[in-house]
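Below, all heavy atoms of this structure are taken into account, side chains as well, without hydrogens, waters or symmetry copies.
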Amino acid sequence: MPFLSLLPDLIRKRPGRVELTVSKATRALYLSLGAALVMVLLRDPSGTPFAVMFALVIGLAALSEDRWIFDGEAREVRRRTGVLIFAKSWAIDLDMVTAIELDADYNGADQGDPYAKVSAGSPKDRCAIRLDLYDGRTLVVVSAKEKRLGELRLRAAAIAEAIGKPLSES
């Protein structure tokens, strides 16, 4: 796994549970770019209030949470997003998930998928991990450039193993 990958980190808490969470490289990027911005603002005495404001915002961004929790023991898939105690989460029962899909030719999320509202960039040359649901819908967990397919394959296999669902590739 590359050292500076911005893909979500895979965390194995215990057998039957894995998490995908914001990578350390992403947090380091937030902090380094934020520190550079604050240093530029501090060069001018009139920029001090803005420097303090940006330091607070960037600190919160570094503490933010965007986590998928795949828990075979609790029989649920949970999504948690937000900052510290203000984080929100929702979950779906594991019985609603029929398979984990690794989509090597991802062209965008389905209409009913929340990911469709925050699609980043062009859907060309992308791959994704999806949850196939019992009613035919899919839910995108993460998408990345096609060159990251191997890294996504490792994450998808770990998820499928943890929750006991089949892994399909398309």
Self-check item: Step-by-step side chain to side chain contact (heavy atoms under 4.5 Å, CB included) determination, T21 to D66
Solution: CA-CA 6 Å; T21 188; D66 186 0; over 6 Å; no
Which atom names give the shortest non-hydrogen contact between [X] and [Y], and what distance separates them?
X: Y106; Y: S143; answer: CE2-CB, 3.7 Å
X: A51; Y: V38; answer: O-CG2, 3.7 Å
X: A158; Y: R12; answer: CB-NH2, 3.5 Å
X: T98; Y: K165; answer: O-CD, 4.2 Å
X: I129; Y: A156; answer: CD1-N, 3.8 Å
X: E76; Y: R78; answer: OE2-NE, 3.1 Å

Quiz item: For E161, does the CD atom sit with more than 12 other heavy atoms under 6.0 Å from it, leaving out its own atoms?
Solution: no
If you group Ile, Leu, Val, Met, Phe, Trp and Tyr by side-chain heavy-atom gaps below 4.5 Å, do [X] and [Y] land in one group?
X: I92; Y: L94; result: yes
X: V18; Y: I69; result: no
X: L37; Y: M53; result: yes
X: W90; Y: L131; result: yes
X: Y134; Y: V97; result: yes

So do the side chains of [X] and [Y] get within less than 4.5 Å of each other, counting heavy atoms only?
X: K145; Y: R126; result: yes
X: W68; Y: I159; result: no
X: D71; Y: I163; result: no
X: S168; Y: D132; result: yes
X: V22; Y: D9; result: no

Could you tell me the separation between the [atom1] atom of [X] and the [atom2] atom of [Y], rounded to the nearest 0.5 Å?
X: F50; Y: D44; atom1: CZ; atom2: CG; result: 10.0 Å
X: L41; Y: S46; atom1: CG; atom2: OG; result: 9.0 Å
X: C127; Y: R153; atom1: SG; atom2: CZ; result: 9.0 Å
X: R79; Y: L20; atom1: CZ; atom2: CG; result: 10.0 Å
X: L63; Y: L84; atom1: CG; atom2: CG; result: 5.0 Å
X: R27; Y: S32; atom1: CZ; atom2: OG; result: 13.5 Å

Practice problem: Answer yes or no: is there an ion pair linking E19 with R17, defined by an N-O contact shorter than 4.0 Å? | Solution: yes
Quiz prompt | Verdict with reasoning, D95 to R75, per side chain to side chain contact (heavy atoms under 4.5 Å, CB included) | solution = CA-CA 8 Å; D95 293 332; R75 307 274 317 142; 2.8 Å; yes
Exercise. Please confirm whether the backbone N or O of T138 pairs with a side-chain atom of R130, one donor and one acceptor, at under 3.5 Å?
Key: no
Quiz item: Taking R155 for the side chain and G150 for the main chain, is one N or O donor matched with an acceptor at less than 3.5 Å?
Solution: no
Quiz item: Which is it for E101 and S170 under the side chain to side chain donor-acceptor pair (under 3.5 Å) test, yes or no, and what are the steps along the way?
Solution: CA-CA 7 Å; E101 179 185 354; S170 60; 2.7 Å; yes
